[in-house]
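Since the structure comes first, as structure tokens, the remarks are kept for the end.
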Amino acid sequence: MVRQIVKDELFLAQKSELATKADAAIITDLIDTLKVNSEHCVGMAANMIGVKKRIIVFSVGIAIVPMVNPVIVKKSGPYETEEGCLSLNGVRKTTRFEKIEVEYQDKDFKKQRQEFAGWTAQIIQHEVDHLKGRVI
């Protein structure tokens, strides 16, 4: 189901809770909402649709990848950049890392560990910040 985008910075600044199998429908809602906003959005965290659970989705080409309870366990190559956000107006400066390693659960709640670099790594870092209540 497509959900409305939350723009309340006080809500977005709250930390998200661990997701469980009972939260699986949130993955579908995030994917549906990202598809509708794909012209100007490449990633989304559950709190952006009003749910404080640790779930993100992001685009890689035409595929949309969900991550449940993601944790960045390694990062290297810091750089400064500017990012926009569907929940916020304008762009803001932030520090990101060129390479990251993430532990997460896939849509079937199976544990995964994967390395990411470049644009995909930047998207994941932005969405994981959302889960921490960090608004860029």
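- When hydrophobic clusters are built by joining Ile, Leu, Val, Met, Phe, Trp and Tyr residues whose side-chain heavy atoms come closer than 4.5 Å, directly or via intermediates, Ile31 is not grouped with Ile123.
- Under a hydrophobic-cluster definition in which Ile, Leu, Val, Met, Phe, Trp and Tyr are linked whenever side-chain heavy atoms come within less than 4.5 Å, directly or via other members, Leu30 and Leu18 are assigned to different clusters.
- In the displayed structure, Lys35 atom NZ is contacted under 6.0 Å by at most 12 heavy atoms of other residues, nucleotides or ligands.
- With contacts defined as side-chain heavy-atom distances shorter than 4.5 Å, the pair Leu88/Glu9 qualifies.
- Remark: Asn89 CG is loosely packed, at most 12 non-hydrogen atoms of other residues, nucleotides or ligands lying under 6.0 Å away.
- Under the 3.5 Å distance criterion, the side-chain polar atoms of Ser87 are matched with a main-chain donor or acceptor of Val6.
- Counting all heavy atoms, side chain and backbone alike, Phe97 lies closest to Ser76 at CB-O, 3.6 Å.
- With respect to the salt-bridge test (charged N to carboxylate O, under 4.0 angstrom), the residues Arg113 and Glu101 qualify.
- Between the side chains of Gln105 and Lys111, no donor N or O sits under 3.5 Å from an acceptor N or O.
- Here the side chains of Val102 and Ile124 are in contact, with some heavy-atom distance below 4.5 Å.
- In this structure, Met44 and Leu86 have side chains that are in contact, with non-hydrogen atoms separated by less than 4.5 Å.
- Legend: residues meeting side chain to side chain contact (heavy atoms under 4.5 Å, CB included) with Val65, ordered by chain and number and at least two apart, are Phe58, Val60.
- Heavy atoms of other residues, nucleotides or ligands lying less than 6.0 angstrom from CD of Gln4 number 12 at most.
- Contact annotation: the side chain of Gln125 approaches that of Ile100 to within less than 4.5 Å [non-hydrogen atoms, C-beta and beyond].
- Test Lys132, Arg134, His126 against His130 for side-chain contact (heavy atoms from CB on, under 4.5 Å) and you get one pass: His126.
- For the salt bridge (Lys or Arg N to Asp or Glu O under 4.0 Å) criterion with Glu83, the lone passing option out of Arg92, Arg96, Lys93 is Arg96.
- Between Lys53 and Ser16, the closest side-chain pair of non-hydrogen atoms is not below 4.5 Å.
- A distance of 8.0 Å separates SG of Cys85 from NZ of Lys7, quoted to the nearest 0.5 Å.
- For the pair Ile55 and Ala19, the tightest heavy-atom approach, listed with the atom from each and the gap, is CG1-CB, 3.6 Å.
- With rounding to the nearest 0.5 angstrom, the CG atom of Leu131 is 11.0 Å from the CG atom of Leu12.
- Linking ILVMFWY side-chain heavy atoms closer than 4.5 Å, directly or via other members, places Ile26 and Ile56 in two distinct hydrophobic clusters.
- Listed for the Thr33 side chain is a donor-acceptor partner under 3.5 Å among the backbone atoms of Asp29.
- To the nearest 0.5 Å, the span separating CD1 on Ile49 from CG on Asn37 amounts to 11.0 Å.
- In the hydrophobic clustering of this structure, Val68 groups with Met48; members are Ile, Leu, Val, Met, Phe, Trp, Tyr whose side-chain heavy atoms approach within less than 4.5 Å, directly or through other members.
- Between Thr20 and Phe109 the shortest heavy-atom distance is O-CZ, 3.3 Å.
- Screening Asp106, Leu34, Val57 for a side-chain contact (heavy atoms from CB on, under 4.5 Å) with Pro66, the sole residue that qualifies is Val57.
- Counting heavy atoms from C-beta outward, Asn47 and Phe11 have side chains that approach closer than 4.5 Å.
- We find the CG-CD distance between Asp23 and Glu17 to be 9.0 Å, quoted to the nearest 0.5 Å.
- Gln122 and Glu98 share no side-chain donor-acceptor pair at under 3.5 Å.
- Side-chain heavy atoms closer than 4.5 Å link hydrophobic residues (I, L, V, M, F, W, Y) into clusters, and following such links, even through other members, never connects Ile64 to Met67.
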